[in-house]
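Take a look at the structure set out below.
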Amino acid sequence: IASGLGLDINPGGDPAPNADNGRGTMVRMDPRHRGLFGAAWTLASIGEAARGGVAAIGPAALAGEFGIVHRRLPYDQPWFDDLGSTAVYPVYHVVAGMARAAGRSLVEATSSDRTRIAALAYRAANDATSLWLANLRDYPQRVSLPDLDANARIGRLDESTFEAAATDPAFLYAHATALAAREIEIGAHGIVRIQMGR
């Protein structure tokens with residue numbers, strides 16, 4: 001199935017073009033797709049689809065209005081257009097991480113409140129477990145984790161890492177650090193990836 005924030009097809013007519021970058025429904029281009037909100041929303045929707053038995057989902061295109069990689073378009077894309085270098089949107093990191101999950105076993109991971117924190121976990125190729133969490137709210141939230149092994153590592157995508165992650169497609173993996181506590185904070189619409197095991 002296809003799933004995304006922007007509206008590619010509208011049975012009632014052409015979607016509104018939204019060249020002014022307004023946040024809204026039923027528009028062709030929704031600027032939230034390029035932000036942390038888009039990444040959190042995408043992770044949550046993939047998690048719900050996976051738990052529902054959906055075998056494949058198309059959450060974005062490679063480039064363009066529904067893309068995961070920035071390229072110039074006929075309308076402004078604030079911040080990204082001024083960057084002067086190749087960039088990826090936050091949703092890129094979710095799509096890349098979930099591409100690694102293709103064909104892997106889903107591991108049960110449940111948030112105590114799925115309207116606040118989305119959770120998705122899968123068994124990686126090296127028999128490690130990859131746990132992804134998304135903050136679905138526009139303010140930071142604290143999350144208590146179950147007991148994890150001593151080698152668990154965490155990568156964060158939030159307001160503090162947004163710029164670095166935009167220019168490094170491997171950011172969540174390359175900048176992961178040791179997970180030192182069972183309680184973590186996830187920034188507004190932030191994503192964390194926790195690798196447990198090998």
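None of these values were measured; they are calculated from a predicted model. The basis for the numbers below is simple: all heavy atoms, side chains too, and nothing from hydrogens, waters or symmetry mates.
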*How many angstroms lie between CZ in F171 and OG1 in T161, if you round to the nearest 0.5 Å?*
4.5 Å
*asked:* So, taking the atom named CG in L148 and the one named CG in L131, what distance separates them when rounded to the nearest 0.5 Å?
replied: 7.5 Å
Taking the side chain from [X] and the backbone from [Y], do they hold a donor-acceptor pair closer than 3.5 Å?
| X | Y | result |
| --- | --- | --- |
| D149 | M196 | no |
| R137 | T115 | yes |
| D81 | D76 | no |
| Q141 | R116 | yes |

Taking every non-hydrogen atom, the tightest pair across [X] and [Y]:
| X | Y | result |
| --- | --- | --- |
| T42 | P59 | CG2-CB, 3.6 Å |
| A152 | I194 | CB-CG2, 4.4 Å |
| I191 | A40 | CD1-CA, 3.7 Å |
| R193 | S130 | NE-OG, 3.8 Å |
| H175 | D168 | NE2-OD2, 3.3 Å |
| Q195 | A124 | NE2-CB, 4.2 Å |

*Could you please spell out the steps behind the side-chain hydrogen bond (donor to acceptor under 3.5 Å, both in side chains) verdict for T177 and R156?*
CA-CA 9 Å; T177 59; R156 296 177 179 274; over 6 Å; no
*I184, L136: one ILVMFWY side-chain cluster at the under-4.5 Å cut-off?*
no
Show me the donor-acceptor pairs within less than 3.5 Å that the side chains of residues 87-112 make with the rest of the protein, sequence neighbours left out.
from	atom 1	to	atom 2	distance (Å)
Y89	OH	Q77	OE1	2.5
H93	NE2	A165	O	2.9
S111	OG	D113	N	3.1
S111	OG	D113	O	3.1
S111	OG	I117	O	3.0

*If you count the non-hydrogen atoms of other residues, nucleotides and ligands that lie under 6.0 Å from CD in E159, is the total more than 12?*
no
*Below 4.5 Å, heavy atoms only, C-beta onward: do L133 and L145 meet side chain to side chain?*
yes
*Taking side chain as C-beta onward, heavy atoms only, is I186 less than 4.5 Å from P140?*
no
*Just checking, any donor-acceptor pair under 3.5 angstrom between side chains of H189 and D158?*
no
*Looking at residues at least two apart in the chain, or sitting in another chain, which of them share a side-chain hydrogen bond (donor to acceptor under 3.5 Å, both in side chains) with R123?*
T129
Taking distance alone, no hydrogens or angles, what donor-acceptor pairs closer than 3.5 Å link side-chain atoms of residues 46-54 to residues at least two apart or in another chain?
from	atom 1	to	atom 2	distance (Å)
E48	OE1	R114	NH2	2.6
E48	OE2	R51	NH2	3.1
E48	OE2	R114	NE	3.3
E48	OE2	R114	NH2	2.9
R51	NH1	A119	O	3.0

